[in-house]
Amino acid sequence: MSQAKRFTKLLSMITCVTLVGSALLTVTPKPALADRGIVDLWKSIKPLTTIASAMNTGAHPDDEHSATLAYLSLGKGINTSSVIANRGEGGQNEIGSELGNALGIIRTRELQEASKITNITLANLSEQLNDPIFDFGFSKSPDETLQKWGDAVAYERLIRKIRELRPDVVIPAFLNEDSTHGHHRAINVITVRAYKDAADPNIFPEHLKKGLQPWQIKKLYLPADKKEFNVSVPVGDYDQIYGATYEQLGEESRFMHKSQGMGRIVSEGPNFTYYKLDSSIVKGKDKEKDLFDGIAFTFEDLAKEIEAKSKDTQVAKGLRELQKDANDIIASYPKFVDVAHDVQEMKLDVASTLADIQKSGLDEATKTDLTYRLHVKEDQLNKASAEAASFVAKVKPETGELVPGQTTKMTVTAYNGGDVDIKNVNLKLNVPEGWTAKATGPTTFKKLSKNETASAVYEVVVSANASGFKPYDKPVVTGNVSYESYTVTTDLQVTPDVAVAVLPPFSMSLNPSATVLNTLKPGDPIPVKVTVRNYNPGAAKASLSLQLPDGWKAEPAVENLSFAAKGETKSVAFTVTPSSDVKNGSYSIKAVAQSGDVKSTEGAQVISYPHIGKTYFVQPAELKIEAFDLVVPDKIKVGYVSSGFDNIDQYLRQVGVNVVKLEEKDIQFGDLSQFDSIVLGIRAYAFRPELIPSNQRLLDYVKNGGNLVVQYHKPEDKWTPDLAPYPIKIGAPLIKWRVTDETSKVTMLAPDHKIFNYPNKITDKDWDNWIQDRSAYNPSEWGKEYTELISNGDPGEAEFTGTYLTAPYGKGTYSYSSIVWYREIPNLVPGSIRMFVNMISQKQ
């Protein structure tokens with residue numbers, strides 16, 4: 001019996017035992033786990049069997065065709081990449097209150113972890129914080145999207161990624177259809193355009209000067225359905241090695257997108273994704289067996305292509321030898337020692353074939369193509385070598401939190417967990433220019449026996465001018481580890497498991513970070529609390545002060561702080577008094593911590609979740625202030641039902657509203673009559689399960705004289721028209737029922753209504769300076785009892801009149817609003833705050 005058959009039989013026996021045991025247990029669905037041991041070994045050697053490549057392009061993290069990617073990469077071993085445009089900064093957050101850049105950092109880390117699961121190469125067109133290719137919010141138009149991103153910027157970066165990764169097949173994630181998000185459509189537009197342009201040396205010729213060559217994509221596919229397609233991808237096929245279908249493996253990766261609520265449990269069984277061939281340089285059929293029909297898929301296919309081009313048979317012979325090597329490796333699976341031996345043999349043959357290519361008479365384009373594909377094999381073989389040898393290399397920082405000028409220790413380790421003889425181990429640490437890394441002991445080891453670890457300790461001095469942490473940059477510290485087995489050297493690059501971040505010596509956060517200055521009460525002081533965390537490696541001292549607008553004063557002017565150890569935090573309460581003649585407008589207060597010649601002016605926001613680990617968002621330590629006139633009724637008391645997606649309640653407190661966060665028991669059993677108003681956060685019915693069974697209590701609260709404000713919901717948020725006192729139906733498809741132009745004209749349909757006049761007089765100016773959107777998920781139908789308060793629409797489209805609805809109900813008032821208050825209020829848009837105060841002041 002062959003080794004492979006014995007392994008299959010063993011898996012079958014394990015499955016039988018599992019099934020017998022399951023009769024005694026409660027079985028709950030769980031995601032597949034495509035990792036560890038022989039599974040990781042398979043993941044590393046399967047790509048050695050093919051020279052084909054594929055790319056999927058999308059706009060946001062979570063746009064990837066995860067099931068197809070799992071099929072291509074994990075199932076077929078294809079060198080697969082995912083190119084995503086922006087970082088998802090404009091999305092919503094289902095796991096915390098981070099928005100904007102902080103959310104973009106979370107979504108990027110989620111995307112990175114998702115890509116590890118499907119074993120793909122990830123690339124982003126957005127390169128840094130506040131990049132031009134930014135998720136600016138929902139868009140209905142690819143033209144608007146590319147205008148805001150910069151068409152030339154986005155296109156150059158996509159062409160560059162295509163020329164770097166050289167995919168045979170490219171699939172944009174979405175179609176360019178009116179019903180599709182403008183960001184998705186934009187990526188489709190430039191991907192389709194790139195099919196020809198990536199091969200044109202006259203398009204971005206500067207790439208050629210940097211060593212890149214034009215690349216002709218062989219096939220461009222577009223998403224399709226089973227009614228009209230050229231190829232179906234069997235993502236429902238069950239892979240016995242992974243113990244899951246490719247759709248399940250794809251969903252495992254999608255579960256990493258927790259901030260977007262992605263990932264679902266899917267059952268085993270046949271399923272397909274469908275694609276239509278849009279462009280091709282190879283002859284195609286109406287129905288293809290797979291995406292690579294007519295394209296060289298194996299070394300043997302490549303050898304035949306070379307023989308057709310040249311009489312030089314040496315290269316073709318080398319490619320056929322590599323085909324035999326790959327077959328031998330697969331046949332040796334899952335015996336680690338045999339796989340390790342065969343992998344090293346293949347490494348030798350790759351090197352020999354690369355030399356033959358350079359000596360051959362092949363044309364330069366063919367040489368470039370073959371060389372690239374074999375360099376990909378070299379990288380894959382290095383990974384496979386380590387997996388087969390059970391060789392584990394790591395970089396272990398003494399701490400991941402550093403400051404400029406700090407001295408620390410970092411250790412590069414290698415562990416031999418297998419039965420392969422490991423010799424001549426070399427451990428090197430790489431640090432940025434200006435840093436120093438000095439080994440304190442040996443860095444080379446002649447032999448590494450089974451279950452033995454070799455360690456090289458480096459003393460690292462961080463440059464005094466070291467750049468601060470940038471979450472989208474490559475790791476600042478890496479390790480190069482090499483070893484010899486079966487007389488062949490393997491080279492690995494290793495990154496730390498934790499983020500190594502250069503942080504401000506004194507990280508500061510201001511509370512509040514944004515606030516309103518009511519110009520009707522210009523003499524009111526502004527309380528500012530500054531919390532300082534010491535990131536210096538030991539005891540430290542600093543003087544803390546505030547940079548203020550001209551004419552403003554702070555008490556105390558300076559506060560001296562002493563820290564006994566790294567990580568210690570201290571807080572200082574300042575009282576800031578604005579100048580007596582403060583005008584409406586925007587102001588800023590910045591914190592400064594001075595220690596000798598070192599000045600800290602930034603804060604490091606720690607972003608930490610179990611599924612993505614810890615990272616940081618470094619930004620100026622400042623308090624943003626918006627000054628405008630605002631009337632707030634005395635002693636108003638508001639109950640706020642948060643969905644976890646917004647922090648509007650904290651801004652209401654800042655302007656003098658007594659806000660109480662309502663918990664489950666308060667909603668179910670509490671005395672609601674004590675509140676002048678109750679506010680439901682966005683999508684609250686979806687994320688506060690007690691709301692629907694308690695909805696009648698809320699309606700009774702209104703009927704008895706209360707004021708209930710409900711913010712927008714999606715239909716899938718368990719919203720039904722009868723949750724409102726008079727029916728409200730959400731419009732569908734959702735893309736058609738929103739206003740994305742934040743500068744669009746707004747007409748007040750009931751200007752004399754109390755909501756526009758008490759306690760603040762609302763004028764057209766209150767619709768100025770809004771950000772990102774006007775409204776989302778607008779109602780399409782509503783009861784005649786409601787007063788339509790505004791009309792608004794995107795240019796060239798019909799206007800919505802159900803965006804802002806209010807109605808008397810019994811003795812009270814019910815208001816439903818699709819306005820994106822949760823974006824406007826934290827950004828201190830004056831009109832949004834003035835109107836929201838009016839909305840919560842409508843008790844009859």
Side-chain angles (χ1 to χ4, degrees), residues 40-54 73 76-81 119-123 163-168 211-213 215 296-303 306 314-330 332 339-360 362 366-389 391 393 414 420 422 424-426 428 430 474 478-495:
D40 266 351
L41 179 61
W42 181 255
K43 284 171 71 174
S44 72
I45 65 173
K46 183 63 176 175
L48 303 176
T49 64
T50 175
I51 49 79
S53 56
S73 176
K76 304 291 284 184
I78 291 162
N79 180 26
T80 308
S81 59
N119 204 31
I120 63 169
T121 299
L122 171 64
R163 289 172 174 172
E164 287 173 354
L165 298 169
R166 301 169 71 88
D168 296 317
L212 290 177
Q213 295 299 316
W215 176 246
F297 192 80
T298 64
F299 289 104
E300 175 63 30
D301 296 335
L302 210 51
I306 296 304
Q314 187 60 35
V315 172
K317 182 180 177 182
L319 293 171
R320 287 196 169 94
E321 189 63 30
L322 292 175
Q323 182 70 62
K324 180 180 179 299
D325 290 336
N327 293 342
D328 289 345
I329 291 169
I330 296 299
S332 294
V339 171
H341 172 270
D342 293 343
V343 163
Q344 300 302 75
E345 286 290 317
M346 189 172 181
K347 282 168 64 70
L348 288 175
D349 290 337
V350 166
S352 175
T353 305
L354 281 167
D356 290 340
I357 290 168
Q358 295 310 309
K359 292 184 292 185
S360 74
L362 294 168
T366 302
K367 284 184 177 181
T368 298
D369 182 42
L370 290 173
T371 299
Y372 174 81
R373 292 181 193 272
L374 292 191
H375 282 323
V376 170
K377 292 302 131 188
E378 285 184 319
D379 292 340
Q380 292 171 346
L381 283 162
N382 283 330
K383 182 178 180 180
S385 173
E387 291 290 350
F391 182 89
V420 176
I422 301 295
N424 298 324
V425 177
N426 184 57
K428 180 186 177 185
N430 306 308
K474 294 179 179 179
T478 61
N480 284 115
V481 177
S482 64
Y483 64 91
E484 186 180 299
S485 62
Y486 301 105
T487 73
V488 181
T489 298
T490 293
D491 296 298
L492 305 170
Q493 187 173 73
V494 192
T495 58

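Sequential numbering from 1 along the given sequence is applied to the chain's residues.
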Query raised in the report: What's the spacing between Ser81 OG and Ile120 CD1 if we round to 0.5 Å?
Result: 7.5 Å
**Report entry** Residues Leu322, Lys377; criterion side chain to side chain contact (heavy atoms under 4.5 Å, CB included); working and verdict
**Finding:** CA-CA 10 Å; Leu322 292 175; Lys377 292 302 131 188; over 6 Å; no
Query raised in the report: Can you check side chain to side chain contact (heavy atoms under 4.5 Å, CB included) on Ile330 and Ile45, steps first, answer last?
Result: CA-CA 7 Å; Ile330 296 299; Ile45 65 173; 4.0 Å; yes
Report summary line: For Ala414 and Val425 the tightest heavy-atom approach is CB-CG1, 4.1 Å
Query raised in the report: What pairs with Asp491 under salt bridge (Lys or Arg N to Asp or Glu O under 4.0 Å), at least two apart in sequence or on another chain?
Result: none
Query raised in the report: Are any non-hydrogen side-chain atoms of Thr353 and Val350 less than 4.5 angstrom apart?
Result: no
Query raised in the report: Which heavy-atom pair separates Ser485 from Val420 by the least distance, and what is that distance?
Result: CB-CG1, 3.8 Å
Report task. Tell me, yes or no, whether the heavy-atom count around Lys317 atom NZ, taken from other residues, nucleotides or ligands under 6.0 Å, exceeds 12. Result -> no
Requested in this report: Quick one: pull up CG in Asn382 and CZ in Phe391 and give me the separation to the nearest 0.5 Å.
Outcome: 11.0 Å
Report summary line: For Leu48 and Ala326 the tightest heavy-atom approach is O-CB, 3.4 Å
**Report entry** Reported NZ-to-OG1 distance for the pair Lys76 and Thr49, which is rounded to 0.5 angstrom
**Finding:** 8.5 Å
Query - Salt-bridge contact Asp369-Arg373 (side-chain N to carboxylate O under 4.0 Å) - result: yes
Query raised in the report: Going by heavy atoms in the side chains, are Glu387 and Lys43 under 4.5 Å from each other?
Result: no
Query raised in the report: Got Lys347 and Thr490 here, is their nearest side-chain heavy-atom distance under 4.5 Å?
Result: yes
Query raised in the report: With a 4.5 Å limit on heavy-atom distance, are the side chains of Val481 and Lys428 in contact?
Result: no
Report task. Step by step, work out the side chain to side chain contact (heavy atoms under 4.5 Å, CB included) result for Asp356 and Ser352. Result -> CA-CA 6 Å; Asp356 290 340; Ser352 175; 4.1 Å; yes
Query raised in the report: Are Gln323 and Asn327 side-chain neighbours, meaning at least one heavy-atom pair lies under 4.5 Å?
Result: yes
Query raised in the report: When rounded to the nearest 0.5 angstrom, what is the spacing between OG in Ser73 and NZ in Lys46?
Result: 11.0 Å
Report task. For the residue pair Thr50 and Thr298, establish whether any side-chain heavy-atom pair is separated by less than 4.5 Å. Result -> no
**Report entry** Side-chain donor-acceptor pair present, Ser385, Gln344, cut-off under 3.5 Å
**Finding:** yes
Query - Nearest non-hydrogen partners of Phe297 and Ala52, listed with the distance - result: CD1-CB, 3.7 Å
Query raised in the report: Could you give the distance from CG (Leu492) to CG (Asn426), rounded to the nearest 0.5 Å?
Result: 11.5 Å
Query raised in the report: Does the distance from a Lys or Arg side-chain N to an Asp or Glu carboxylate O, for Arg320 and Glu300, drop under 4.0 Å?
Result: yes
Query - Thr371 versus Gln358, side-chain donor and acceptor atoms under 3.5 Å - result: yes
Query raised in the report: Side chain of Asp168, backbone of Ser53: donor and acceptor closer than 3.5 Å?
Result: yes
Report task. Output the distance between atom OG1 (Thr368) and atom CG (Leu362), rounded to the nearest 0.5 Å. Result -> 10.5 Å
Query raised in the report: Step by step, would you call Lys324 with Asp328 a salt bridge (charged side-chain N to carboxylate O under 4.0 Å, His left out)?
Result: CA-CA 6 Å; Lys324 180 180 179 299; Asp328 289 345; 3.0 Å; yes
Requested in this report: Kindly indicate, with the supporting measurements, whether the criterion side chain to side chain contact (heavy atoms under 4.5 Å, CB included) is fulfilled by Lys367 and Ser360.
Outcome: CA-CA 8 Å; Lys367 284 184 177 181; Ser360 74; 3.7 Å; yes
Requested in this report: Would you name the heavy atoms of Ala389 and Ala340 that are closest together and state the gap between them?
Outcome: N-CB, 4.3 Å
**Report entry** Non-hydrogen side-chain atoms of Glu164 and Tyr372 separated by less than 4.5 Å
**Finding:** no
Query raised in the report: Any side-chain heavy atom of Val343 within less than 4.5 Å of one from Tyr486?
Result: no
Report summary line: Smallest heavy-atom separation, Val494 atom then Ala393 atom, equals CG1-O, 3.3 Å
